[in-house]
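Comments concern the structure below.
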Amino acid sequence: MRGLTRVGKRASDMAFNAGGGAINWFPGHMAAASRAIRDRLKLADLVIEVRDARIPLSSANEDLQPVLSAKRRILALNKKDLANPNIMNMWLDHFQSSKQDCISLNAHSSNSINQLLGLVELKLREAILKEPTLLVMVVGVPNVGKSALINSIHRIANSRFPVNDKMKRARVGPLPGVTQDIAGYKIASQPSIYVLDTPGVLVPSIPDMETGLKLALTGAVKDSVVGEERIAKYLLSLLNIRKTPLHWERLLHRREEFDEDPDDSCEKGSRGSLRRRQRFNNSDALYVQDLVIEVQRTLCSTAMEFTGNLDEDNELESLIDSQLVALRKVFRIPHKPLDESHGPASKKLLTLFRSGKLGPFILDDLPDKQ
């Protein structure tokens with residue numbers, strides 16, 4: 001990972017970004033929400049700042065950091081199931097060495113939420129003795145999973161505490177900006193602990209292209225603001241610079257060995273028989289699995305056949321264009337004369353990446369040790 005420092009910076013500086021302009025998405029509700037969040041932060045006894053585990057630094061709202069750093073705070077790196085676990089441990093060490101309480105979690109996992117609640121109680125131990133009512137505030141940029149986290153906390157808290165109040169669940173959606181108001185949820189009694197969910201808020205001006213593209217790639221910024229093809233090219237530039245497609249070769253080889261059945265018979269219980277039955281049943285899961293393998297194989301073969309110099313940006317962009325052309329065939333996108341856009345292929349590639357089907361990734365580089 002250390003040898004790949006500034007990979008994202010090089011990818012963001014490439015020519016396909018030249019005409020794209022700065023990436024800024026700050027609709028009206030975000031301005032109002034930012035003011036409301038700042039007002040309520042003054043009353044919060046603890047802040048859970050949710051970030052995307054794939055971009056532990058880039059998913060921080062820099063405008064709020066001066067206020068957040070002065071509060072009791074827990075960094076919750078959500079979507080850890082989509083992040084490289086080995087590098088994730090290095091990030092946890094980094095934050096803890098900076099005296100920052102940090103936990104990686106999956107908002108849909110009961111074990112993760114129980115660990116988070118335990119840390120919340122630990123951080124509030126002194127305040128519990130002094131105050132009858134405590135306020136925990138959940139903040140973060142769009143689409144890091146705040147509402148999913150709130151819903152899981154509420155569900156587990158209801159099983160742990162005798163809370164009579166029937167609270168509404170937070171609205172959850174796949175698009176950034178679904179939560180557009182601020183609502184409170186009671187999660188415990190004696191003392192009463194309330195959790196405030198807040199809408200995802202970005203800074204009015206994203207400081208640099210690299211940060212903006214990472215936020216777009218992980219879904220914090222709407223695709224329509226940046227353009228799906230531009231985001232997909234950024235993803236492919238990262239994968240190729242890191243030589244990820246070449247690393248897939250060994251994995252693909254192992255899969256092929258597993259799929260091969262030396263006994264060509266249809267004997268009941270054989271591995272070949274099982275896979276044939278699965279294919280016959282047209283399993284959606286198997287279709288996605290086969291599609292992912294074909295995408296990885298295509299990106300791997302195009303990278304291996306490439307004879308140019310990946311250190312040259314124009315040659316890297318040539319490889320990326322050839323990969324998007326090849327992916328059109330994989331995704332069975334009909335060719336239209338005079339249509340050289342890669343929008344449909346880009347959309348499908350981004351869906352596979354964001355769902356973790358292409359593997360676990362962390363896009364931010366660890367800061368250099370001082």
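Each residue takes its place number in the sequence, starting with 1.
Taking the side chain as every heavy atom from C-beta outward, Ile87 and Phe361 never approach each other to under 4.5 Å.
In this structure, the side chain of Gln100 engages the main chain of Arg73 through a donor-acceptor pair within 3.5 Å. No donor-acceptor pair closer than 3.5 Å links the side chain of Glu294 to the backbone N or O of Val330. Under a 3.5 Å cut-off, the side chain of Ser58 and the backbone N or O of Lys214 do not form any donor-acceptor pair.
Electrostatic pairing of Arg125 and Glu121 does not count as a salt bridge here, judged by no charged N lying under 4.0 Å from a carboxylate O. With respect to the salt-bridge test (charged N to carboxylate O, under 4.0 angstrom), the residues Arg230 and Glu228 do not qualify.
In terms of heavy-atom proximity, Leu366 sits nearest to His94 at CD2-CB, 4.1 Å. The shortest non-hydrogen separation linking Gly145 to Asn78 is CA-ND2, 3.5 Å.
In this model, no donor atom of one side chain and acceptor atom of the other lie less than 3.5 Å apart for Ser318 and Asp321. Between Asn61 and Glu49, the side chains place no donor N or O within less than 3.5 Å of an acceptor N or O (distance only, hydrogens not considered).
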request  = Would you please test Glu126 and Lys130 for salt bridge (Lys or Arg N to Asp or Glu O under 4.0 Å) and show each step?
outcome  = CA-CA 7 Å; Glu126 292 182 6; Lys130 301 176 183 177; 5.0 Å; no
request  = May I have the step-by-step check of salt bridge (Lys or Arg N to Asp or Glu O under 4.0 Å) for Arg354 and Asp223, ending in yes or no?
outcome  = CA-CA 12 Å; Arg354 289 168 177 165; Asp223 288 347; 2.7 Å; yes
